[in-house]
Amino acid sequence: MMSSDVPPLRCRFLHQMVGLLAETMPLSPARHEREIFRRLIELEMQAEAGGASETSCRVIASVRRMAGNAIIRAELPLIRG
């Protein structure tokens with residue numbers, strides 16, 4: 001059963017996010033991750049300014065945070081014991 005907190009699939013900002021995540025970019029993996037993160041920040045700001053629902057904004061923010069965390073983890077040195 002779907003919760004009332006689930007944003008409608010017709011939200012144009014969520015559609016843009018899915019398109020962004022599915023897009024093929026001819027960049028190195030690290031640059032690709034940074035570009036996705038940058039574009040998610042822009043999309044989040046557009047969604048907030050464009051009247052997207054609070055739930056849609058939270059979904060975009062969550063994906064943006066995951067993308068940022070992936071960049072941070074990739075840059076941490078690997079400690080071997």
Engineer: Could you name each residue pair satisfying side chain to side chain donor-acceptor pair (under 3.5 Å) that touches residues 12-30, not counting sequence neighbours?
Structural biologist: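 Sorted result for residues 12-30: Glu23-Arg39.
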
Engineer: Under the 4.5 Å side-chain heavy-atom rule for ILVMFWY, direct or indirect, which residues accompany Met45?
Structural biologist: Phe37, Ile41, Ile71

Engineer: What closest approach, in Å, do Phe13 and Ala52 show between heavy atoms, and which atom pair accounts for it?
Structural biologist: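 For Phe13 and Ala52, the tightest heavy-atom pair comes out as CD1-CB, 3.5 Å.
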
Engineer: Using the rule that two of Ile, Leu, Val, Met, Phe, Trp, Tyr join whenever any of their side-chain heavy atoms come within less than 4.5 Å, decide whether Val18 and Leu43 are in one cluster.
Structural biologist: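 Val18 does not cluster with Leu43.
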
Engineer: Check salt bridge (Lys or Arg N to Asp or Glu O under 4.0 Å) between Glu35 and all other residues, then give those that pass, not counting sequence neighbours.
Structural biologist: Arg38

Engineer: Please output the side-chain donor-acceptor pairs of residues 59-68 that fall under 3.5 Å, not counting sequence neighbours, one pair per line with the distance.
Structural biologist:
unit_1 : atom_1 : unit_2 : atom_2 : d
Arg64  : NE     : Glu44  : OE1    : 2.6
Arg64  : NH2    : Glu44  : OE1    : 3.3
Arg64  : NH2    : Glu44  : OE2    : 3.3

Engineer: Which value, rounded to the nearest 0.5 Å, describes the distance between Gln46 atom CD and Met17 atom CE?
Structural biologist: 13.5 Å

